[in-house]
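What you see is a predicted model, and the numbers here were worked out from it, not measured in a lab.
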Amino acid sequence: MKKIVILAILLVPAMWALFLYTGKHSVDTVPYFGPREAVQNANGTTDTIYHKIPAFSFDGHNGSRVTNNTFENSIYVADFIFTTCAEICPKMSTQLMRVQNEFEEFDNVKFLTHTVNPKHDTVGVMKNYAEQYGAIDGKWFMVTGNKKEIYDIARHGYFLDVRDGDGGDHDFIHSQDMILIDENGHMRGIYDGTNSLKVNDLIKDIEALQY
């Protein structure tokens, strides 16, 4: 029995290391997305500066102002939908509801859904949409606001659309991507929000960022 106990003690650290390596449960296994810049330090070493989501301020579905400070020290998932969408948006919101429920007890995991049709999707409309998908107050924020500002951050903050656009009346963005942002505002993953297997990868990467 004593030999079994000693063997178990020796094996546990090795098994845990193997789990971290093969199970993708390490922050180092979650890549960075977006442009980056190498900065030379005075001591000769080099640091990498990763793209960071720029500051924003939108109208939340519950009547509050939602800004980048709302997600300070939080991991969050961002997506872009419109409430009259009949195809990919309901699938995305259903999947995001699943992710929300998975991390319901974790205060540092939040969700941010932007409308790409703010002319129709007012605060009241977004509130109804939030209720439809069980958005937890203070955890899943659904926002509307100035179209040009929403489209600017979609293109230049989250890199959702490679096409040029000015956020005008005839400009439109429609993406099924979900974007994972870490506690420092860096992009760490892009996932097909209509594909449950890809959303499973999102869940695993959120877990990894928490370690």
Student: For Q40, I'd like to know if atom CD has over 12 heavy atoms of other residues, nucleotides or ligands within 6.0 Å.
Tutor: yes

Student: In terms of side-chain geometry, is the basic nitrogen of R155 or D171 positioned less than 4.0 Å from the acidic oxygen of its partner?
Tutor: yes

Student: Centre-to-centre under 6.0 Å for F111 and F103, is that the case here?
Tutor: no

Student: Which pairs would a plain distance check flag for residues 49-60, meaning a side-chain donor or acceptor within less than 3.5 Å of a matching protein atom at least two apart in sequence or in another chain?
Tutor:
| residue | atom | partner | partner atom | Å |
| --- | --- | --- | --- | --- |
| H51 | NE2 | G157 | O | 2.8 |
| S57 | OG | R65 | NE | 2.7 |
| S57 | OG | R65 | NH2 | 3.4 |
| D59 | OD1 | R65 | NH1 | 2.3 |

Student: List the atom of G145, the atom of P118, and the distance in Å for their closest heavy-atom pair.
Tutor: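 Shortest heavy-atom separation between G145 and P118 comes out as O-CB, 3.1 Å.
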
Student: Can you tell me which residue among T144, T115, T84 is in a side-chain hydrogen bond (donor to acceptor under 3.5 Å, both in side chains) with D121?
Tutor: T115

Student: Between I181 and I75, is any pair of side-chain heavy atoms under 4.5 Å apart?
Tutor: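 SC-SC contact between I181 and I75 ruled out.
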
Student: Under 6.0 Å from the ring centre and within 45 degrees of the ring axis: does the NZ or CZ of K139 meet both conditions for the six-membered ring of F141?
Tutor: no

Student: Taking distance alone, no hydrogens or angles, what donor-acceptor pairs closer than 3.5 Å link side-chain atoms of residues 127-136 to residues at least two apart or in another chain?
Tutor:
| residue | atom | partner | partner atom | Å |
| --- | --- | --- | --- | --- |
| Y129 | OH | S93 | OG | 2.6 |

Student: Can you tell me which residue among Q95, K198, K91, Q176 is in a side-chain hydrogen bond (donor to acceptor under 3.5 Å, both in side chains) with D192?
Tutor: Q176

Student: side-chain contact (heavy atoms from CB on, under 4.5 Å) between V77 and L202: does it pass, once the steps are laid out?
Tutor: CA-CA 9 Å; V77 181; L202 166 61; 4.0 Å; yes

Student: Do any N or O atoms from the side chain of T70 and from the backbone of V66 form a donor-acceptor pair under 3.5 angstrom?
Tutor: no

